[in-house]
Amino acid sequence: MGNRVKQWLGVLSAMMLLTGAAQAETKVGFIYVGPVGDHGWSYRHDKGRQAIEAALGEQVKTSYVESVKEGPDAERVIRQLAASGHELIFTTSFGFMNPTLKVAKRFPKVKFEHATGYKRSANVSTYAARFYEGRYVVGTVAGRMTQSNVIGYVASFPIPEVVRGINATIRAARAVNPDAVIKVVWVNSWYDPGKEADAAKTLIDQGADVILQHTDSPAPLQVAEQRGVWGVGQASDMVSFAPKAQLTAIIDNWDEYYVARTEAVINGNWKSGDTWGGIQSGMVDFAAWNEAIPAEVVAEAEQIKSDIANGKLHPFQGPVVNQAGEVVVPEGERMSDQALLGMNFYVEGVEGSLPK
Amino acid sequence: MSESVLMLQAVALTIIGAATPLLFAALGEMVTERSGVLNLGLEGMMLIGAVAAFAATVVSGNPYLGVLAGAAAGALVALLHGLLVLSLLANQVATGLAMTLFGVGLSALLGAGFVGTTITPLPTLAIPLLADVPLLGSLLFDHNALVYLSLLLVVGLSLFIYHTRAGLILRAVGESPSSAHALGYPVIRIRYLALIFGGAMAGVGGAYLSLVSTPMWSENMTAGRGWVALALVVFASWKPGRVLAGAYMFGGVTILQLHGQGMGVSIPSQFLSMLPYLATVVVLVLISRDSVKLRENRPASLGRVFRPSA
């Protein structure tokens, strides 16, 4: 009799332990390609991680591994996170795609979220942001602010993501200033402050008075500050590097998405899917406008921002005309997501030819 | 007309900016290699120099102290390299590579607290009167102190290597350490000094990046310039004048390809980006073809361990 009670008690306490543990906290893991202190890409992902902690408090426990090289090492790190009880793992760089899928296969109960990739499975979701929407808003301001009608663009690699940003910028700029052109200099690197700075100097020497960038360091912005022209921050607010020159910054904001996905795991309704969020979802955000921008330009930019958010305006609303003057998307149509994802041509207003 | 002249001037100024950090690192490495020691840790030493210079400038508010700190930090890492390869006789290639990896990691660790901090960069010092000469004035006499220093260093090292007794001893140590040793010269000590000088110059090159080129600290900001400097030394066949030419040519091609792109020259940018490296390889092949010439120029004991007998 006494024995039986003891057994029951044992089972009961074991159950309480189990349920208690399950309720206590959900472990969420992150791997970053750069240091959290890069002031750009990885820094913003880490802000998202902090947002999860702030929103869900005791329910979650987050951890991260920074500066993980894309390649075999990534697989080891992801596997370690999966094996150590993380229920949800964010892998935040394109090059983590295959390692993520490989590990996901071996840990079918763990949920994975891969940023900017295109391969999914039952327990791997993908997500990315429509930065071209942000570029369109910034392009409007650039078109208004330029005096020389030359906008300089420091670009990394000629991939659709980057080409889309260039095209969105010049389309917006020419919508308000038909004389505007864009000069592009490719530095063939995501991150080489010295070369990015040299590219910015080159563009300014060639007449550009607004410098935009699709590289990760604040160097081009810093050059803009030194030379007294305008610039736009990349990925995060870089105003401390260019208090006078920064018009605004396009900010990657993963906070809401990360919190929502974590909540879904906690509530047991997480599903694999693909998310491509823009201004509407808050994934694409902006730093404060420079006070030197005239109020009517700010108002115009804000209007475009809300038009894009509520779907009234699409950055690639037809007619979309390429450099050769051919209509790629006829009037009245919008470019499809698929066409956007594969964009490999310059629109009119971009100088030079796209490296193939 | 005047507009295109201004443009040329602007291009020239940017080229000087791109060439100067390479020039420092390559001149230092040239002296190191002249003593027979190979320092593949150059990239790491540049990074350590860059972070030390930046940190010292933030703390002291004085970029000149920053330059000194960069030099000292580079020298310190070189000293460590020396302990390993000169005193403990470790393999120079492996140790040098380890120094680069070490430098990348350590600089990131030390610099973590300085990411996002800004400083006032190294000021330009216009030389009175000369700087006011039209056209050439601002091209030649309106730079920061490090640009002048780098050019003085080329002259100074040429004189030192070819026209002083100490320079002759340095070369002797690099050519035949055992003969130099037999003549009573302290081979190991001389190699230490050459290596430390090289480390200090790499540190100054790094300081140029974090104090002038892009006045900020960010991880791995040298982005391979240490390796370019190493190639330049061979390219220049260990001669100071040619190091100068090589650094400016490399800087020139880098900047001109950017300008070419901005002007819409329809050469693939990837090709233009690799042009400076390609030029280096071509010259390497050209000078290596003549094995006699190569042997004449190359310090004979380069990279070899020297174990003084008794």
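Convention: sequence-line order gives letters A, B, ...; per-chain numbering from 1. Computed from a prediction, not measured in an experiment: that's the story for all the values here.
No side-chain donor-acceptor contact under 3.5 Å links B:S210 to the backbone of B:V51. A donor-acceptor pair is defined here as one N or O able to donate and one able to accept, closer than 3.5 Å; such a pair exists between the side chain of B:Y148 and the backbone of B:L125. In this structure, the side chain of A:Q246 engages the main chain of A:V239 through a donor-acceptor pair within 3.5 Å. The closest donor-acceptor contact from the side chain of A:W41 to the backbone of A:T92 lies under 3.5 Å. For A:E66 (side chain) and A:V36 (main-chain N/O), a donor-acceptor pair under 3.5 Å exists by modelled atom type.
In this structure, chain B has no heavy atom under 4.5 Å from any part of A:S189. Only the backbone of B:S213 comes within contact range of chain A, judged by heavy atoms closer than 4.5 Å. Contacts between B:A10 and chain A at a heavy-atom distance below 4.5 Å involve backbone atoms as well as side-chain atoms. If you measure heavy-atom distances from B:P21 to chain A, you find no contacts under 4.5 Å at all. Of the two parts of A:V184, only the backbone, made up of N, CA, C and O, holds a non-hydrogen atom closer than 4.5 Å to a non-hydrogen atom of chain B.
Ring planes of A:F90 and A:F30: parallel class, angle under 30° (limits at 30 and 60°).
Separating the NE2 atom in B:H143 from the CG atom in B:L122 is a distance of 13.0 Å, to the nearest 0.5 Å.
Using a 4.5 Å cut-off between non-hydrogen atoms, the part of residues 224-235 of chain A that approaches chain B consists of A:Q226. Listed in order of number, the residues of residues 200-208 of chain A that approach chain B to under 4.5 Å between heavy atoms are A:K201, A:T202, A:D205, A:Q206.
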